[in-house]
Amino acid sequence: MTARLQGRVAVVTGGGSGIGLASVRRLAAEGASVVVADVDAVAGKAAADEIDGLFVPTDVTSEADVEHLFAATHERYGSVDVAFNNAGISPPEDDSILVTGLDAWRRVQEVNLSSVYLCCKSAIPYMQRQGKGSIINTASFVAVLGAATSQITYTASKGGVLAMSRELGVQFAREGIRVNALCPGPVDTPLLRDLFAADPERAQRRLIHVPMGRFAEPAEIAAAVAFLASDDASFITASTFLVDGGISGAYVTPL
């Protein structure tokens with residue numbers, strides 16, 4: 001493993017499981033000091049303890065919690081170099097627009113989109129003072145594709161993350177701050193397994209569209225996070241960074 005992130009400080013929201021946990025491990029393996037933020041205190045602390053990092057319990061929909069997260073990071077380590085704004089939900093009540101209620105719509109928007117706004121708003125001033133930083137916001141391949149098997153509020157939230165990341169990447173580029181939207185394809189995480197557990201046909205309907213014929217592993221997405229966090233991605237900002245097994249480029253997939 002390379003040490004591309006030696007001396008860097010990284011904050012990962014939703015770091016207790018799935019893509020977040022895999023990214024915590026990868027960023028630490030590449031030399032970063034990692035701060036784990038999660039609403040699940042048990043999973044978050046376990047992740048931080050595993051890599052000798054810092055756990056900050058955080059409800060990412062709370063402005064006060066998010067401000068405390070980045071202040072605590074700076075107080076402990078003296079910088080905020082990487083912000084991987086990854087926390088998100090995909091509840092079963094998020095379905096077609098015809099059946100998804102307003103409460104479900106608002107809840108997903110708060111967790112998936114408003115939290116990214118809050119995290120960027122809190123992280124950017126620290127990065128401005130340093131004159132550098134990398135922000136990676138978790139969007140999704142669904143931000144660039146449509147699906148007849150809709151999760152309408154999840155899709156809309158990720159489209160918002162994509163547009164916001166592009167704008168921030170342009171706005172702060174000359175201050176040394178890179179902002180990119182990471183767009184994973186379907187990933188084999190607890191979130192996806194829970195979504196498809198009661199409906200294997202729904203999973204298969206999606207899987208057939210992936211040219212590689214499988215869902216991604218969390219570690220494969222974490223590798224992209226580490227790349228975007230590092231100086232190897234020094235000329236990449238405001239990008240739609242797809243890591244989707246080819247799904248967004250596919251018309252007909254292999255048999």
Side-chain angles (χ1 to χ4, degrees), residues 1-2 4-5 12 14-30 84-92 94-95 108 112 116 134 136-152 154-163 165-166 180-230 232-233 235-255:
M1 187 71 66
T2 60
R4 294 181 295 183
L5 302 174
V12 179
S17 64
I19 293 170
L21 177 57
S23 298
V24 165
R25 291 168 173 161
R26 179 62 184 256
L27 294 170
E30 295 217 23
F84 179 33
N85 302 322
N86 166 72
I89 58 171
S90 181
D94 180 13
D95 203 296
V108 173
N112 290 7
V116 175
S134 174
I136 304 148
N137 295 326
T138 299
S140 171
F141 75 105
V142 302
V144 300
L145 290 174
T149 51
S150 182
Q151 299 160 255
I152 189 61
Y154 182 89
T155 297
S157 72
K158 295 304 184 179
V161 170
L162 179 60
S165 302
R166 182 188 303 119
N180 292 290
L182 178 67
C183 297
V187 184
D188 186 11
T189 64
L191 190 79
L192 190 77
R193 287 194 292 272
D194 289 347
L195 182 65
F196 294 149
D199 193 351
E201 183 181 352
R202 192 178 190 188
Q204 187 58 34
R205 189 172 178 186
R206 284 164 166 76
L207 187 59
I208 197 171
H209 293 287
V210 184
M212 287 190 172
R214 63 176 178 84
F215 295 148
E217 294 297 325
E220 293 176 301
I221 309 303
V225 173
F227 168 70
L228 289 172
S230 77
D232 285 346
F235 202 58
I236 299 175
T237 197
S239 77
T240 303
F241 201 87
L242 284 153
V243 187
D244 66 353
I247 191 170
S248 59
Y251 173 46
V252 177
T253 57
L255 293 174

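Keep in mind that what you see is a predicted model, and the values were worked out from it rather than measured. Here, residue 1 is the first one in the sequence, and each next residue gets the next number.
- A pairwise comparison of heavy atoms in I136 and A229 identifies CD1-N, 3.8 Å as the closest pair.
- Atom OG in S157 sits 11.5 Å away from atom CG in L162 (nearest 0.5 Å).
- In this structure, the separation between OG1 on T2 and CZ on F227 is 11.5 Å, given to the nearest 0.5 Å.
- Counting all heavy atoms, side chain and backbone alike, D94 lies closest to I152 at OD1-N, 3.1 Å.
- Heavy-atom minimum distance, P218 versus V187: N-CG1, 3.8 Å.
- The CZ atom of F84 sits 9.0 Å away from the CG atom of L228 when rounded to the nearest 0.5 Å.
- Residues L182 and I221 are in side-chain contact: their nearest non-hydrogen atoms beyond the backbone lie under 4.5 Å apart.
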Show me, pair by pair, the donor-acceptor contacts under 3.5 angstrom made by side chains of residues 244-255, not counting sequence neighbours?
from : atom 1 : to   : atom 2 : distance (Å)
D244 : OD1    : G246 : N      : 3.0
D244 : OD2    : S248 : N      : 2.9
D244 : OD2    : S248 : OG     : 2.6
T253 : OG1    : I208 : O      : 2.8

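- Of the candidates V142, I89, D95, Y154 forms a side-chain contact (heavy atoms from CB on, under 4.5 Å) with just one, namely V142.
- For T138, the side chain to side chain donor-acceptor pair (under 3.5 Å) criterion is met by N86, not counting sequence neighbours.
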Show every donor-acceptor pair shorter than 3.5 Å between a side-chain atom in residues 20-27 and any protein atom, with sequence neighbours excluded, or say none if there are none.
from : atom 1 : to  : atom 2 : distance (Å)
S23  : OG     : I19 : O      : 2.8
R25  : NE     : E50 : OE1    : 3.4
R25  : NE     : E50 : OE2    : 2.7
R25  : NH2    : E50 : OE1    : 3.2
R26  : NE     : E30 : OE2    : 2.9
R26  : NH2    : E30 : OE2    : 3.1

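- By the ring pair (Phe, Tyr, Trp, His ring centres under 6.0 Å) test, F141 pairs with no residue at all, sequence neighbours left out.
- In terms of the side chain to side chain donor-acceptor pair (under 3.5 Å) criterion, residue partners of N137 (sequence neighbours excluded) are, by chain and number, N85, S165.
- Applying the side chain to side chain donor-acceptor pair (under 3.5 Å) test to S239 and every residue at least two apart in sequence or in another chain returns N180.
- The minimum heavy-atom distance linking K158 with A143 is given by the pair O-CB, 3.6 Å.
- Across all non-hydrogen atoms, the minimal contact from A224 to V243 is CB-CG2, 3.7 Å.
- E220 meets the salt bridge (Lys or Arg N to Asp or Glu O under 4.0 Å) test with R214; sequence neighbours excluded.
- Considering every non-hydrogen atom in both A238 and R166, the closest pair reads CB-O, 3.5 Å.
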